[in-house]
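Ligands are counted one by one from 1 in listed order, and the atoms in each one are counted from 1 as well.
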Amino acid sequence: MAENRVTFGSKLGVILATVGCAVGLGSVWRFPYMLGTNGGAAFLLVYILFTIFLGLPVMITEFFVGRHSRSNTVGSFKKLAPGTRWSWIGYNGILAAFLILSYYSVVSGWTLEYVWQTLNGSLYGSGAADYTEGFEAFSSDPFRPIFWTAVFIGLTHFVIVSGVDKGIERASKVMMPLLFLILVVMCVRSVTLPDAEAGLVYLFKPDLSKLTSSVVLSALGQAFFTLSLGMGCLITYASYFSKDTNMQATAWQVTLINTFVAVLAGVMIFPAVFSFGIEPSAGAELVFITLPNVFEQLPLSFLWSLIFYILLAMAALTSTISLHEVATAYVLEEFHLSRRKAAWIVSIGVFLLGIVSSLSFGVLKEWTIGGLTFFEAVDYLTAKIMLPLGGMLTCIFVGTRIDKKVLKAELTNQGTVKFYLFSTYVFFMKYVAPAAIGIVFLNELGVLDFLFKGTR
Ligand code: PHE
């Protein structure tokens, strides 16, 4: 069985596919939206600290679990700790993948609408207010966004059914470098707009008084979400790695590239936000109302806009593929169904949930759970709770159940590649990451405040 699993075709293929999974709407859409609703640069600072000190060790740990077990998210824990409840980490991950995919497909659908509006010429009217109005009219419509959600899930479904090696790898190879290039062009345009400095200050000059427990939790959630951690996506991908994939190097590369893309997205968005007088805390629509303004300032705006939204849709696609694959691989291997059947089950379920998410921008706007719309609540539950929890438990699992020799052998490809900071990594994985995530949770729940009341 293990020998029959497909593996990625080349070294570059491994990196690109994993980068494709990580880089997506999380960096380009969610990062600016989170930064804007969490007060700016202080968020960036915490996010970067979490990425390096928690994200990276968790990523290496997930790579270990995936390649060592050569199995899907649930199967891997079952294989490494048979008969225990550790496989619940896997179930948490699969549920998270399923939930994330449902609202992620809605936002991915928005990118397709923007491709469409660019093509038929209806996007470029005049002035910032129009873009906000235009977005609101579209996103609150009961049919249009759902149509695009369906199209997007259909595309994802198609790639998943045609197989891991051909679909994912080929797609990532072309699209990622192109996206990168166009982001750079957009950044240059954005920072040369009038009053662009205000945006750069907002993005890079931390005001530590803005650091509240909810900002810290949001930064943690963003780090996990954007690196695709804590839900077994990277476990599933690593199960397709070959035995000589250098996993530590891959983890570093993916983390750095992903963080760099997020910072580029920030540089692309915030100077423009300030230059056009848009509210940085506009929320989920921030990127969609800001960018058309920037495109309008470029020669051949139509062309840039078209290429950008197509690439963004594709970056989203390489992420939705990975989310879908987590769920499909599980259904397929655990229930012994065909790939086609497993994929259908996932696609239909995700679409039904996606409909509710999409409607929460319109007819279901008033229907809130703890003050959050359905869309926001699913995002909150997954990014801020399920993913950090999954990452924390994965670390505790490997830290307590896996022999360090076995861990080291797997991470160094049986001693053929060096792992210079192995004991530092083990320390972070075993103690720092679980403790830090635990503290952030307690802090958000107000437990720490309660305990230290009076001593502050
Ligand atoms: N990391 C992806 C992004 O930033 C989203 C994602 C989350 C993909 C979790 C897979 C798993 O767009």
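Counting non-hydrogen atoms of other residues, nucleotides and ligands closer than 6.0 Å to CZ of Phe53 gives a total of 12 or fewer.
Side chains of Phe31 and Ile269 form no contact here, defined as non-hydrogen atoms less than 4.5 Å apart. Using a 4.5 Å cut-off on side-chain heavy atoms (C-beta onward), Val28 and Met268 make contact.
The two residues Ser27 and Val23 come nearest to each other via the heavy atoms OG-CA, 4.4 Å.
Within 4.0 Å of ligand 1, protein heavy atoms come from Cys21, Ala22, Gly24, Leu25, Gly26, Ser27, Tyr104, Phe225, Thr226, Ser228, Met231, Cys233, Ser319, Ser322, Leu323.
Between Thr61 and Tyr425, the side chains place a donor N or O and an acceptor N or O closer than 3.5 Å (distance only, hydrogens not considered).
Using the six-membered ring where Trp is involved, Tyr114 and Phe135 have ring planes that are tilted, between 30° and 60° apart.
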